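Contents: one structure, followed by commentary.
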Protein chains: 2
Amino acid sequence: MSNSEAATVQSVDRALTILEVLARLGTAGVTEIAAELEVHKSTAFRLVSTLEAHRLVEQAGDRGRYSLGVGLLRLAGATTARLDLVQEARPITRQLAADTGETVNLTVRAEHAALYLDQVAGSSALQSHNWVGQHIPLHATSNGKVLLSELTPEQLADALGSLARFTPATITSKAQLRKELEQIREQGYSLAIDELEVGLTAVAAPIRNAHGDVIASISVSGPTFRLSAERLDAVIPQCLAAAGEISHRLGWSWRE
Amino acid sequence: MSNSEAATVQSVDRALTILEVLARLGTAGVTEIAAELEVHKSTAFRLVSTLEAHRLVEQAGDRGRYSLGVGLLRLAGATTARLDLVQEARPITRQLAADTGETVNLTVRAEHAALYLDQVAGSSALQSHNWVGQHIPLHATSNGKVLLSELTPEQLADALGSLARFTPATITSKAQLRKELEQIREQGYSLAIDELEVGLTAVAAPIRNAHGDVIASISVSGPTFRLSAERLDAVIPQCLAAAGEISHRLGWSWRE
DNA sequence: AAACTGAGTTCCACATCATGGAACTCTTCG
DNA sequence: CGAAGAGTTCCATGATGTGGAACTCAGTTT
């Protein structure tokens with residue numbers, strides 16, 4: 001563990017140890033927790049109160065014992081949902097990268113950006129940029145535009161700040177963006193040609209959950225010189241099929 | 001929230017806010033986190049390092065961005081597993097309480113004690129003690145003895161400290177306890193008559209997972225004067241059936 | 001290829017906050 | 001009814017957490 005030698009914050013360390021104690025014991029009282037941590041019970045009480053304020057710990061009644069709280073499930077849920085999606089989709093993202101030879105990405109919306117969760121490089125992609133973990137502007141990417149396309153007008157207003165220009169081809173007009181999102185809804189996929197970077201083309205399709213809601217998107221991207229109009233004609237159906245297959249695995253039915 | 005007015009620990013509060021930020025954004029850098037918390041980036045770095053030491057946060061590479069870590073899943077897992085079990089079993093514990101009229105409990109082993117997860121009182125049980133959340137000695141309860149009965153000799157040695165006497169009927173000899181655990185394995189259930197408290201009788205049966213491992217137990221308990229030998233003859237099969245049904249729901253096959 | 005920029009990381013003097021101790025409240029038990 | 005023990009509150013003190021300066025490193029620009 002590379003950073004275990006870095007200085008830690010003692011009170012944070014103690015609070016997290018309380019969580020570990022409660023995971024192990026199920027429930028514990030303040031005095032018991034104080035004994036486990038070898039601190040005074042007023043110290044233990046304050047640490048537990050802080051955890052309780054964040055819902056990571058709950059108390060049975062007003063003066064009872066403590067146990068782990070639902071706030072932990074909420075935090076863990078954010079992680080599990082993303083990990084599950086990545087794992088569930090992996091065979092398909094791999095196959096799509098193999099079939100197209102290009103870079104395949106999986107993204108979700110995180111507030112005002114597209115969050116890249118996974119990336120598989122195809123055989124033609126040599127030194128491709130690693131997008132995983134990065135927040136990329138929604139309006140300038142095929143993934144982002146797919147994710148935006150299913151938002152209500154209110155949600156769309158929230159999700160968009162000012163539309164920054166990255167290339168001459170970047171959409172910076174909200175009216176123009178709305179029009180394009182409508183087109184994406186109709187055709188079922190989105191394109192971004194030289195919009196984030198000159199020379200970069202991507203196609204993305206929506207991934208749906210059991211209810212039909214768009215929860216993620218999958219894209220195929222590569223240099224514009226390679227992803228010509230003819231080449232896109234072949235890649236677009238492959239991307240749509242991959243997105244459909246992932247959606248199917250998540251419980252979505254083909255016909256709505 | 002009853003204790004939100006209690007003093008909290010600022011640095012713990014900040015660390016937990018980092019977890020919430022990462023749940024929301026997916027990933028974030030130190031400088032970004034510092035901006036969100038309105039602290040210096042060296043402060044943010046130290047807080048993140050502490051979270052990382054406990055595996056609640058992970059870093060992409062040596063100098064990359066941070067995201068929530070698997071340590072969170074481990075903590076949440078302890079909570080979810082217990083909640084899932086309680087919810088899955090609830091219709092059956094309710095039915096058993098209704099059928100027998102007595103108090104029904106669900107327990108798991110937490111280190112050296114039986115941790116009571118759920119309790120449903122029957123019609124005959126008026127002012128019964130609420131066991132939920134409590135750690136009760138394993139050797140002196142029917143639930144505890146069931147949980148002990150499936151341990152290996154090494155695990156048994158670890159799980160037992162000294163066997164405290166609570167009543168004249170409490171088993172305090174390890175040799176005698178081992179003998180009784182063998183009998184429990186044979187007959188498939190355990191009895192505790194006046195062992196924890198004079199006048200308290202309980203029968204417990206094992207709950208198994210898909211692999212057949214004992215992961216919990218269910219008990220019927222009531223006053224000794226009501227749970228006579230004749231009455232137990234009726235209650236024991238009901239308790240066994242309930243345990244079997246819960247096990248079945250968890251994926252266990254009747255015939256191994 | 002070199003310089004610049006910005007993010008992550010380390011170290012340290014100082015001030016703020018976390019601590020333990022005393023005391024209080026409340027529940028359970030004898 | 002009193003004792004015991006757990007949870008909770010308040011406060012003076014000092015230990016720890018902080019911000020600032022400086023460093024390292026990777027990516028970008030010239």
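Keep in mind the model is a prediction, meaning the values are calculated, not measured. Naming convention: chains lettered A, B, ... in sequence-line order (proteins, then strands); numbering from 1 in each chain.
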Just checking, is any N or O donor in the side chain of B:Q59 or B:Y66 under 3.5 Å from an acceptor N or O on the other one? yes
Check whether any side-chain N or O of A:H135 sits under 3.5 Å from a backbone N or O of A:A113 as a donor-acceptor pair, and report yes or no. no
Gap between atoms CD1 and P, on A:I18 and D:dG7 respectively (whole Å): 12 Å
So, B:S221 and B:T103: side-chain donor and acceptor under 3.5 Å apart, yes or no? no
Under 3.5 Å, is there a donor-acceptor pair between the A:T50 and B:D13 side chains? no
With respect to the phosphate group of D:dA6, does any side-chain polar atom (N or O) of A:Y66 fall under 4.0 Å of OP1 or OP2? no
Using whole Å, what does the distance between atom C1' of nucleotide C:dT10 and atom CZ of B:F45 come to? 8 Å
Do you see a donor-acceptor pair shorter than 3.5 Å between the side chains of B:T201 and B:D194? no
Distance-only, no hydrogens or angles: does the B:T100 side chain make a donor-acceptor pair with backbone N or O of B:L96 under 3.5 Å? yes
Hey, can you pull the residues of residues 19-32 of chain B with a non-hydrogen atom under 4.0 angstrom from DNA chain D? none
Do we see a donor-acceptor contact under 3.5 Å between the side chains of A:H54 and A:R74? no
Can you check the A:I33 CD1 to C:dG20 C1' distance for me, whole Å? 18 Å
Closest heavy-atom contact between A:A140 and A:T170? CB-CG2, 4.2 Å
Stepwise salt bridge (Lys or Arg N to Asp or Glu O under 4.0 Å) test for A:R231 and A:E102: CA-CA 11 Å; A:R231 189 73 200 297; A:E102 304 293 350; 3.2 Å; yes
Looking only at the side chains, is there a donor atom on one of B:S11 and A:S11 sitting less than 3.5 Å from an acceptor on the other? yes
Pairs under 3.5 angstrom, nitrogen or oxygen only, protein versus nucleotides 2-5 of chain D, please.
none

I need a per-nucleotide contact map over nucleotides 15-26 of chain D, read 5' to 3'. Cutoff is protein heavy atoms under 4.0 Å; write B for the base, S for backbone only, - otherwise. -SSBBB---BS-
Provide, to the nearest angstrom, the distance between the CD atom belonging to A:E36 and the P atom belonging to D:dA6. 14 Å
A:Q59 CD to C:dT27 C1', in whole Å, measures 14 Å
Using only atom types and a distance under 3.5 Å, with no angle test, would you say the side chain of A:R90 pairs donor to acceptor with the backbone of A:T93? no
